[in-house]
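Okay, structure first, notes after.
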Amino acid sequence: DGGITQSPKYLFRKEGQNVTLSCEQNLNHDAMYWYRQDPGQGLRLIYYSQIVNDFQKGDIAEGYSVSREKKESFPLTVTSAQKNPTAFYLCASSIKTGLNSPLHFGNGTRLTVT
Amino acid sequence: KQEVTQIPAALSVPEGENLVLNCSFTDSAIYNLQWFRQDPGKGLTSLLLIQSSQREQTSGRLNASLDKSSGRSTLYIAASQPGDSATYLCAVKASGSRLTFGEGTQLTVNP
């Protein structure tokens with residue numbers, strides 16, 4: 001089955017620690033995205049990548065970093081600089097960043113930082 | 001800056017009822033609008049994508065309409081079922097590769 005796999009489903013960290021969220025896709029999609037979802041709010045774009053070895057900041061990139069060394073993988077690191085890291089993180093992909101390419105989402109990682 | 005609003009925030013209906021979810025956006029210069037479904041604790045599933053040149057799209061019991069000039073879209077669900085219970089989000093693409101999402105409507109269909 002083709003799809004997007006995010007792991008782990010739940011993640012707990014102590015304040016001050018960096019943590020990396022995994023996102024892997026076998027859809028052969030060029031573009032990948034990271035979104036953050038907070039209760040009662042819409043999704044907000046953190047970073048996106050249109051092609052391997054290239055990525056751009058989204059609307060709330062501060063305190064986050066990404067890499068895109070392989071087409072299939074787009075890991076997100078939540079650094080200690082992110083002031084409110086507790087949230088539900090969603091990874092998505094699309095065939096390309098063309099105008100009418102629908103997004104496909106993974107099942108998310110819920111990060112709790114205490 | 002594009003803003004997307006969904007009304008109502010929550011909706012509860014009896015099984016079998018037809019219902020309409022609303023989405024409005026402030027910048028009418030959009031390329032497309034997408035409706036998604038999200039089950040609790042899960043990712044989003046794409047339901048329908050309407051291109052800016054289209055007026056509506058249909059998939060089974062779902063029909064989405066788009067009125068660009070007024071900045072509005074509706075998602076019509078016919079003969080609702082308990083399995084339709086979820087949060088429905090709309091998102092618009094205005095430029096580049098970015099989508100702007102609404103906050104969603106939480107739908108409960110009671111048996």
Side-chain angles (χ1 to χ4, degrees), chain A residues 3-11 21 23 25 27 29-51 54-61 87-112, chain B residues 1-10 21-26 29-54 57 59 62 64 66 68 73 86-106:
Chain A
I4 302 174
T5 301
Q6 291 187 243
S7 60
K9 186 174 174 67
Y10 299 97
L11 194 51
L21 283 60
C23 178
Q25 55 99 357
L27 299 167
H29 285 176
D30 290 310
M32 297 187 74
Y33 310 78
W34 274 106
Y35 288 89
R36 169 182 172 138
Q37 186 176 34
D38 294 283
Q41 296 190 33
L43 277 67
R44 292 182 290 169
L45 181 64
I46 304 172
Y47 268 98
Y48 66 100
S49 168
Q50 301 180 55
I51 197 170
D54 183 63
F55 47 83
Q56 285 81 40
K57 293 182 179 180
D59 299 317
I60 55 165
F88 189 50
Y89 290 88
L90 288 160
C91 178
S93 70
S94 63
I95 292 175
K96 52 187 176 181
T97 55
L99 297 177
N100 292 309
S101 299
L103 283 187
H104 300 260
F105 281 84
N107 278 328
T109 291
R110 186 167 299 281
L111 173 64
T112 303
Chain B
K1 180 186 173 185
Q2 178 75 268
E3 292 182 4
V4 179
T5 304
Q6 291 187 245
I7 294 173
L21 307 180
N22 297 292
C23 173
S24 61
F25 45 94
T26 54
I30 66 169
Y31 294 122
N32 64 51
L33 183 144
Q34 229 174 317
W35 281 95
F36 294 89
R37 169 189 173 132
Q38 185 176 29
D39 293 291
K42 301 282 189 179
L44 280 65
T45 300
S46 179
L47 298 173
L48 292 163
L49 184 150
I50 311 177
Q51 298 179 30
S52 61
S53 58
Q54 298 173 324
Q57 281 285 336
S59 175
L62 305 179
L66 174 63
K68 256 183 42 171
S73 175
T87 297
Y88 292 81
L89 297 99
C90 70
V92 299
K93 178 176 284 189
S95 64
S97 59
R98 300 185 182 198
L99 286 177
T100 302
F101 284 82
E103 296 177 2
T105 293
Q106 186 174 353

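Every chain is numbered from 1 and lettered A, B, ... according to where its sequence line falls, protein lines coming before strand lines.
- For a residue to count as touching a neighbouring chain, one of its non-hydrogen atoms must lie under 4.5 Å from one of that chain's; by this rule A/Leu90 touches chain B with the side chain only.
- Under the ring-ring contact (aromatic ring centres under 6.0 Å, His included) criterion, B/Phe25 pairs with no residue, sequence neighbours left out.
- Ranked by heavy-atom pairs under 4.5 Å with chain A, the first of B/Ser46, B/Ala91, B/Gly41 is B/Gly41.
- Within a 6.0 Å radius of NZ in B/Lys68, more than 12 heavy atoms belonging to other residues, nucleotides or ligands are found.
- At least one side-chain heavy atom of B/Leu99 sits under 4.5 Å from a side-chain heavy atom of A/Tyr35.
- Only the side chain of B/Gln38 comes within contact range of chain A, with heavy atoms under 4.5 Å apart.
- Heavy atoms of B/Gln34 lying under 4.5 Å from chain A belong exclusively to its side chain.
- With chain B as partner, the option from A/Gln6, A/Gln56, A/Gln37, A/Lys9 having the largest number of non-hydrogen pairs under 4.5 angstrom is A/Gln37.
- Here the side chains of B/Leu44 and A/Leu103 are not in contact, with every heavy-atom distance at 4.5 Å or above.
- Atom-to-atom distance recorded for B/Glu103:CD and A/Asp38:CG is 11.0 Å, nearest 0.5 angstrom.
- Applying the ring-ring contact (aromatic ring centres under 6.0 Å, His included) test to A/Phe88 and every residue at least two apart in sequence or in another chain returns nothing.
- A 4.5 Å side-chain heavy-atom check between B/Lys1 and A/Asp59 finds every atom pair outside the cut-off.
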